[in-house]
Amino acid sequence: MYNRKFPHKIDALERFLALALTVLEVVPTPVIDTSEEKLVRDVSDRPILRAAIAAKADILLTGDKDFLESGITNSKIMTPTEFLHNEKLSLDKYYQSLYDSLWEK
C-alpha cells in the first residue's frame with residue numbers, strides 16, 4: 001500500500017524501518033477479543049489494538065481515524081505528528097531544566 005500511496009518516500013520508509021526494527025518488539029496478536037476493541041469501527045483494525053493492549057504499549061501511533069476517534073484510553077492513540085510534537089515539548093522542557101540547573105547560583 002505504501003508503494004501505491006507514497007512511491008516517492010520509499011527510501012525514507014526503508015531507512016526508518018531499518019532503524020525502528022532495532023528497538024521495536026514484534027508481538028503476536030492474541031486470539032481472544034478484548035472489550036475495548038469494539039470501540040474500533042473497522043473489524044480488520046481490531047487485532048492491531050488487541051496486540052497493542054497485550055504488549056502493554058504506552059502509545060499507538062496511527063493515522064487511522066477509526067483508532068483516533070475511538071475514545072480508547074488503554075493505550076494512548078495519536079498521530080505520528082502529535083507524537084513528535086509532544087516529544088519535542090518534553091525534550092525542550094528537559095533541556096531547559098538541565099540548562100537552568102547548570103546555571104543556578
Side-chain angles (χ1 to χ4, degrees):
M1 176 171 73
Y2 203 83
N3 288 343
R4 183 172 38 90
K5 286 188 174 183
F6 308 104
H8 57 287
K9 298 202 176 198
I10 297 298
D11 187 50
L13 175 64
E14 288 175 351
R15 287 193 315 267
F16 168 77
L17 289 175
L19 176 62
L21 290 174
T22 65
V23 296
L24 297 177
E25 176 185 357
V26 178
V27 297
T29 303
V31 179
I32 300 171
D33 295 353
T34 65
S35 58
E36 274 196 315
E37 70 183 73
K38 289 177 179 55
L39 296 171
V40 176
R41 183 192 59 80
D42 188 344
V43 176
S44 65
D45 287 339
R46 292 177 181 177
I48 296 166
L49 177 63
R50 200 178 314 141
I53 291 170
K56 296 182 172 102
D58 296 321
I59 301 170
L60 176 60
L61 295 182
T62 182
D64 189 311
K65 286 184 181 183
D66 289 328
F67 284 107
L68 295 167
E69 296 173 354
S70 67
I72 291 169
T73 58
N74 195 329
S75 293
K76 186 167 182 158
I77 299 174
M78 62 177 65
T79 67
T81 301
E82 289 170 329
F83 175 77
L84 291 173
H85 179 75
N86 289 344
E87 286 301 303
K88 181 185 180 311
L89 292 177
S90 295
L91 283 174
D92 287 348
K93 287 178 186 176
Y94 168 76
Y95 287 124
Q96 185 62 51
S97 66
L98 181 62
Y99 176 83
D100 292 344
S101 69
L102 290 173
W103 294 106
E104 283 181 350
K105 290 185 178 184

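Starting from 1, each residue takes its place in the sequence as its number. All values below come from the heavy atoms of this structure, side chains included, with hydrogens, waters and symmetry mates left out.
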Would a distance-only check, ignoring hydrogens and angles, find a side-chain to backbone donor-acceptor pair under 3.5 Å from Glu82 to Thr79?
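The answer is yes, because a donor-acceptor pair under 3.5 Å joins these two groups.
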Only counting residues at least two apart or in another chain, list the ones meeting salt bridge (Lys or Arg N to Asp or Glu O under 4.0 Å) with Glu36.
none
Rounded distance [0.5 Å steps], CD1 in Ile53 versus OG in Ser75:
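Answer for the CD1-OG pair, Ile53 versus Ser75, is 6.0 Å.
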What's the shortest heavy-atom distance between Arg50 and Ile32, and which atoms?
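So the two residues come closest at CD-O, 2.9 Å.
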Please enumerate all residues that pass side chain to side chain contact (heavy atoms under 4.5 Å, CB included) together with Ala51, with sequence neighbours excluded.
Val27, Thr29, Pro30
Same cluster (ILVMFWY, side-chain, under 4.5 Å), Leu39 and Ile48
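Yes: a chain of side-chain contacts under 4.5 Å links Leu39 to Ile48.
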Heavy-atom check, side chain of Thr34 versus side chain of Glu37, under 4.5 Å
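Thr34 reaches Glu37 side chain to side chain.
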Side chain to side chain contact (heavy atoms under 4.5 Å, CB included) for Leu49 and Arg46? Distances and angles first, verdict last.
CA-CA 5 Å; Leu49 177 63; Arg46 292 177 181 177; 5.6 Å; no
Show the nearest heavy-atom pair for residues Leu60 and Ala52, with the distance to one decimal.
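Smallest interatomic distance, heavy atoms only, reads CD1-CB, 4.5 Å.
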Step by step, work out the side chain to side chain contact (heavy atoms under 4.5 Å, CB included) result for Asp58 and Lys76.
CA-CA 6 Å; Asp58 296 321; Lys76 186 167 182 158; over 6 Å; no
Holding to side chain to side chain contact (heavy atoms under 4.5 Å, CB included), I want the full list of residues that pass it with Thr62, two or more places apart in sequence or in another chain.
Asp64, Phe67, Leu68, Ile77
